[in-house]
Engineer: 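Provided herewith is a single structure, encoded as structure tokens, for subsequent inquiry.
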Amino acid sequence: MRILLVDDEQELVSAIAERLSIRNIDADWAGNAQEALKLAEKKTYDLAVLDIKMPKIGGLKLKKLLHEKYPGMKFIFYTGHGSEEEFKICEGGNQVVDCLTKPFKIEVLIEKIQSSSTHSSSEKKGQEK
Amino acid sequence: MENGFNTIAEKGLGFFGKITASISHELKNSLAIINEKAGLLEDFALMADKGIPLDPERMELLAGQIIKQIGRANDIIRTLNLFAHSAEEPLKNTDLVQVLTLVIRLCSRFADMKSVTLAPDIPTDPVTIQTHPFFAEHLICHCLTAAMDWTGMEKKLNIGMEHTDVDVRIHIFPIDIAKQSDKDSVPDQETQMLADVLHARVEQNTVSNMLSLVFPRSIPSGECCPGA
């Protein structure tokens with residue numbers, strides 16, 4: 001499984017990517033939406049982990065852009081504050097695995113990453129019905 | 001005027017909420033970075049237990065990054081503290097340079113979100129006026145954030161200050177006045193109410209593409225602000 005992490009706080013996103021790599025999870029990172037779209041053109045990512053609030057193109061808009069190009073990609077969002085409005089995004093399904101609130105434990109993120117494959121198969125089962 | 005004061009108080013509470021929410025978001029970013037950098041230190045310690053040698057340079061770098069974030073968080077808290085205390089200040093002699101500097105700091109995250117560069121060129125010496133600091137912050141912040149939607153191609157707002165014995169002018173420029181809609185033009189109702197309370201004026205110059213806030217040096221006694 002290959003993960004794409006996107007956050008304008010580059011010290012944060014690079015550290016998360018490194019910690020995932022230490023745990024043998026293949027992760028790349030981008031500091032903005034444009035960089036993320038370029039990376040996605042070069043490599044196939046199964047899951048994108050996106051900060052909701054970023055300058056210019058925020059996480060929600062980036063998700064839309066990535067989803068249009070790569071419909072199989074799953075998404076995990078994270079945010080500084082879990083407002084009701086932000087967490088409503090997670091209820092909608094549509095390839096969204098979960099929403100996390102910063103700061104989070106790396107184990108929690110890994111659990112969500114691992115559950116994304118289950119999320120995928122349960123969605124497929126739902127579609128078959 | 002009573003209704004005006006109630007509306008201003010209500011809008012002021014909204015402004016206070018908007019700013020503190022933004023500041024707490026910034027603080028969360030610092031905490032998240034500290035969390036991950038400390039996590040990396042922990043990871044490296046666990047790897048060292050398994051025989052992978054520690055890299056002292058990397059350790060030093062990570063420690064330095066954590067210290068930098070603690071400094072950043074401390075600055076954010078200091079800004080929050082200044083802002084919070086301004087809400088309890090009465091009408092008083094106030095350094096408008098300090099007020100403007102604080103507002104620029106408070107609005108910097110909104111500017112970042114809109115990819116707008118704020119370029120202040122303001123006096124370093126105090127410029128004292130008699131005003132209500134919190135309402136002045138509200139008025140300046142309201143105009144500055146509105147102007148962020150009216151920038152040109154360069155997406156840059158210059159912020160200047162001029163002063164005479166009679167008044168002090170804060171200039172925000174260049175703005176593309178054609179970008180204003182009926183809904184978001186200035187002075188809107190909120191701006192006008194704040195300006196009235198502070199005996200200030202908000203002017204737009206279509207020739208110089210400039211939004212100017214004009215504050216009087218003093219306010220007639222008993223004519224400003226609820227609780228003053």
Side-chain angles (χ1 to χ4, degrees), chain A residues 3 5-25 27 29 31-35 49-62 76-87 99-113, chain B residues 17-50 52 54-55 58-59 61-73 76 107-118 148-149 151 155-156:
Chain A
I3 318 284
L5 298 146
V6 192
D7 194 327
D8 60 306
E9 291 282 353
Q10 299 195 8
E11 279 197 32
L12 173 62
V13 73
S14 61
I16 298 173
E18 187 172 359
R19 297 191 74 200
L20 290 177
S21 299
I22 287 170
R23 289 157 177 81
N24 296 317
I25 296 171
W29 63 271
N32 58 52
Q34 289 85 351
E35 277 178 28
V49 181
L50 312 176
D51 184 19
I52 291 181
K53 287 193 174 166
M54 291 188 286
K56 240 177 187 174
I57 299 175
L60 298 180
K61 193 171 175 192
L62 177 59
I76 293 174
F77 288 109
Y78 63 84
T79 177
H81 288 282
S83 71
E84 204 176 324
E85 193 185 324
E86 285 172 347
F87 279 104
C99 285
L100 300 173
T101 305
K102 285 191 266 189
F104 46 77
K105 287 186 176 175
I106 197 77
E107 292 78 16
V108 174
L109 177 61
I110 291 168
E111 195 187 304
K112 302 295 176 193
I113 290 170
Chain B
K18 181 182 166 179
I19 294 296
T20 48
S22 169
I23 288 175
S24 63
H25 198 101
E26 246 186 286
L27 202 52
K28 280 270 196 169
N29 278 333
S30 268
L31 289 174
I33 294 170
I34 292 168
N35 186 55
E36 295 310 324
K37 298 293 175 185
L40 267 175
L41 286 174
E42 198 178 34
D43 290 347
F44 292 144
L46 289 171
M47 286 157 73
D49 273 348
K50 290 177 185 167
I52 299 166
L54 285 172
D55 174 357
R58 190 73 208 279
M59 298 294 111
L61 181 71
L62 282 169
Q65 288 170 330
I66 291 172
I67 290 166
K68 191 180 102 185
Q69 289 303 322
I70 290 169
R72 178 186 172 191
I76 296 167
C107 291
S108 61
R109 191 164 174 274
F110 303 135
D112 286 346
M113 285 293 131
K114 294 184 177 184
S115 303
V116 172
T117 304
L118 300 180
M148 287 174 197
D149 290 328
T151 55
K155 301 212 89 179
K156 180 181 174 185

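Naming: A, B, ... by sequence-line order, numbering from 1 per chain.
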Engineer: Chain A: which of D43(B), N35(B), L31(B) shares the most heavy-atom pairs with it under 4.5 Å?
Structural biologist: D43(B)
Engineer: Using non-hydrogen atoms only, which part of E26(B) is less than 4.5 Å away from chain A: side chain, backbone, both, or neither?
Structural biologist: neither
Engineer: Say you draw a straight line from CE of M113(B) to NZ of K56(A); how long is it, rounded to the nearest 0.5 Å?
Structural biologist: 13.0 Å
Engineer: Heavy-atom distance under 4.5 Å to chain A: side chain of K68(B), backbone, both or neither?
Structural biologist: side chain
Engineer: Calculate, to the nearest 0.5 Å, the distance between atoms CD1 and CD belonging to I106(A) and E42(B) respectively.
Structural biologist: 11.0 Å
Engineer: So K102(A) and N29(B), side-chain contact (heavy atoms from CB on, under 4.5 Å) or not? Walk me through it.
Structural biologist: CA-CA 7 Å; K102(A) 285 191 266 189; N29(B) 278 333; 2.3 Å; yes
Engineer: Is it the case that over 12 heavy atoms from other parts of the model lie below 6.0 angstrom from the NZ atom of K105(A)?
Structural biologist: no
Engineer: Rounded at 0.5 Å granularity, tell me how far CD1 in I16(A) sits from CG in L40(B).
Structural biologist: 10.0 Å
Engineer: Kindly write out the residues that satisfy side chain to side chain contact (heavy atoms under 4.5 Å, CB included) with K28(B), not counting sequence neighbours, or none if the list is empty.
Structural biologist: H81(A), T101(A), P103(A)
Engineer: Is chain B contacted by the side chain of E11(A), its backbone, both, or neither, given a heavy-atom distance below 4.5 Å?
Structural biologist: both
Engineer: With side-chain contact (heavy atoms from CB on, under 4.5 Å) as the criterion, how do I22(A) and F44(B) come out once you've worked through the C-alpha distance, each side chain's angles and the decisive distance to 0.1 Å?
Structural biologist: CA-CA 9 Å; I22(A) 287 170; F44(B) 292 144; 4.0 Å; yes
Engineer: Can R58(B) and E18(A) be said to form a salt bridge (charged side-chain N to carboxylate O under 4.0 Å, His left out), step by step?
Structural biologist: CA-CA 13 Å; R58(B) 190 73 208 279; E18(A) 187 172 359; 2.6 Å; yes
Engineer: Sequence neighbours excluded, which residues qualify as salt bridge (charged side-chain N to carboxylate O under 4.0 Å, His left out) partners of R109(B)?
Structural biologist: none
Engineer: Picking from Q69(B), Q65(B), K114(B), K37(B), which has the most non-hydrogen pairs under 4.5 angstrom with chain A?
Structural biologist: K37(B)
Engineer: What part of F110(B) lies closer than 4.5 angstrom to a heavy atom of chain A: side chain, backbone, both or neither?
Structural biologist: neither
